[in-house]
Amino acid sequence: VKHIMRVIKNIFLLILLSLFSFPAYSELSVEEIIKGRQSILSDNYKTAKRVAALSNDIEFEAAIELMNQMSENYETLLDYFPENSKEGFDTEALPAIWENKDEFNALMQKASDDMKQLASIIENSDDIESSLNNLMWRNCKACHSKYRLDK
């Protein structure tokens, strides 16, 4: 039941976020942008933990669905770091994001692409843990180490 509620919540969040992307995106307040990206990143972390658990339990169908959702979230994040959202509202984003915007965007795209790749190979992986580390957790660590305030 919790899993179903999480999936419904995630679908609702994606629908809500898609309503605010592109043309409507420019109408979001700085607070909505920062809180939106925080929500996406928090959701991706929770989803990643669920992906790992499902994969280790050989529940690949559910894990793949969540991997694809994470991939979409990373692509959505490309629009959630405009110049006017560097400060405020408890952002943990470091200035390095805007100083190295192309590099940051490339990392978000790589994370998205890697989640798609993970979804395509997980069922046939000889080493699930290694696949998860190489294609999911490594991207999380790369972003956090360079672009997120260390608490």
Side-chain angles (χ1 to χ4, degrees), residues 1-25 27-28 31-82 85 89-94 96-97 100-151:
V1 172
K2 284 185 180 182
H3 174 67
I4 293 170
M5 291 306 294
R6 178 174 293 278
V7 169
I8 291 170
K9 175 187 158 201
N10 291 336
I11 290 169
F12 177 74
L13 177 64
L14 285 174
I15 291 169
L16 185 62
L17 290 173
S18 69
L19 292 174
F20 290 114
S21 359
F22 304 109
Y25 163 76
E27 298 172 11
L28 290 178
E31 180 179 15
E32 290 169 319
I33 292 167
I34 292 172
K35 289 187 178 189
R37 72 182 179 223
Q38 289 170 333
S39 176
I40 294 168
L41 290 165
S42 175
D43 186 49
N44 263 13
Y45 176 67
K46 292 173 192 170
T47 302
K49 291 192 313 188
R50 186 75 182 128
V51 162
L54 288 167
S55 297
N56 288 324
D57 290 342
I58 318 296
E59 295 183 36
F60 295 123
E61 188 175 319
I64 289 168
E65 182 179 322
L66 295 176
M67 291 173 200
N68 288 325
Q69 177 188 324
M70 286 179 66
S71 174
E72 290 175 20
N73 284 350
Y74 283 119
E75 288 183 4
T76 299
L77 282 168
L78 292 170
D79 293 327
Y80 272 79
F81 291 88
S85 69
F89 306 101
D90 298 322
T91 185
E92 297 174 359
L94 292 174
I97 290 172
N100 305 295
K101 190 66 167 162
D102 291 340
E103 183 181 303
F104 175 78
N105 285 348
L107 180 58
M108 291 298 102
Q109 189 60 59
K110 179 184 180 308
S112 175
D113 294 344
D114 282 355
M115 291 309 298
K116 290 175 190 172
Q117 182 182 358
L118 182 60
S120 73
I121 67 158
I122 195 68
E123 289 182 84
N124 298 316
S125 177
D126 292 332
D127 185 351
I128 292 171
E129 194 66 33
S130 178
S131 296
L132 291 169
N133 284 332
N134 291 334
L135 295 169
M136 184 173 69
W137 295 119
R138 185 174 287 168
N139 288 317
C140 296
K141 183 178 180 183
C143 184
H144 284 213
S145 67
K146 188 167 184 175
Y147 300 113
R148 183 178 182 211
L149 183 65
D150 190 21
K151 285 187 159 188

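Nothing here was measured: the structure is a model prediction, and the numbers come from that model.
- For the atom pair CD (Glu92) and CD1 (Ile34), the distance works out to 11.5 Å, reported to the nearest 0.5 Å.
- The shortest heavy-atom contact between Ser55 and Ile128 is O-CD1, 3.6 Å.
- Heavy-atom minimum distance, Thr76 versus Ile40: CG2-CD1, 3.8 Å.
- Lys35 meets the side-chain hydrogen bond (donor to acceptor under 3.5 Å, both in side chains) test with Glu31; sequence neighbours excluded.
- Atom CD1 in Ile97 sits 7.5 Å away from atom CE in Met108 (nearest 0.5 Å).
- A distance of 15.0 Å separates NZ in Lys116 from CD1 in Ile64, rounded to the nearest 0.5 Å.
- Annotation for Ala52 and Leu132: closest pair CA-CD1, 3.8 Å, computed over non-hydrogen atoms.
- Here the side chain of Gln38 pairs a donor or acceptor atom with the backbone of Asp90 at under 3.5 angstrom.
- In this structure, the side chains of Val51 and Ile122 stay at 4.5 Å or more apart for every pair of heavy atoms.
- The structure places CD of Glu61 at 7.5 Å from CD of Glu65, a figure rounded to the nearest 0.5 Å.
- For Ser42, the side-chain hydrogen bond (donor to acceptor under 3.5 Å, both in side chains) test picks out no residue, with sequence neighbours left out.
- Counting only heavy atoms from C-beta outward, the side chains of Tyr80 and Leu28 approach each other to under 4.5 Å.
- Few gaps surround CG on Asp127; more than 12 heavy atoms of other groups in view lie less than 6.0 Å from it.
- Not counting sequence neighbours, Asp126 has no partner by the side-chain contact (heavy atoms from CB on, under 4.5 Å) test.
- Note that the CG atom of Asp43 and the CZ atom of Arg50 stand 13.0 Å from one another [nearest 0.5 Å].
- Nearest heavy atom pair, residue Ala142 against residue Leu107, reads C-CD2, 4.1 Å.
- The side-chain contact (heavy atoms from CB on, under 4.5 Å) test applied to Asp57 returns Glu59, not counting sequence neighbours.
- Of all heavy-atom pairs between Ala93 and Arg37, the closest is CB-NH2, 4.0 Å.
- Shown here are the side-chain hydrogen bond (donor to acceptor under 3.5 Å, both in side chains) partners of Ser112, two or more places apart in sequence or in another chain: Ser71, Glu75.
- Take Lys110 and apply the side-chain contact (heavy atoms from CB on, under 4.5 Å) test, not counting sequence neighbours, and it matches Asp114, Asn139.
- Taking the side-chain contact (heavy atoms from CB on, under 4.5 Å) definition, one finds that Ala48 meets it with Met70, Met136, Trp137, sequence neighbours left out.
- Every residue two or more places apart in sequence or in another chain that forms a salt bridge (Lys or Arg N to Asp or Glu O under 4.0 Å) with Glu103 is listed here: Lys146.
- The two residues Ile121 and Ser131 make their nearest non-hydrogen contact at CD1-OG, 4.1 Å.
- Each ring-ring contact (aromatic ring centres under 6.0 Å, His included) pair with one or both residues in residues 53-74, not counting sequence neighbours, would appear here, but there are none.
- A distance of 11.0 Å separates CG of Asn73 from CG of Asn68, quoted to the nearest 0.5 Å.
- Ser120 meets the side-chain hydrogen bond (donor to acceptor under 3.5 Å, both in side chains) test with no other residue; sequence neighbours excluded.
- The salt bridge (charged side-chain N to carboxylate O under 4.0 Å, His left out) pairs that include a residue from residues 129-144 number zero, where partners must be two or more places apart or lie in different chains.
- Identified under the ring-ring contact (aromatic ring centres under 6.0 Å, His included) test for residues 103-130, with sequence neighbours left out: Phe81-Phe104, Phe104-Tyr147.
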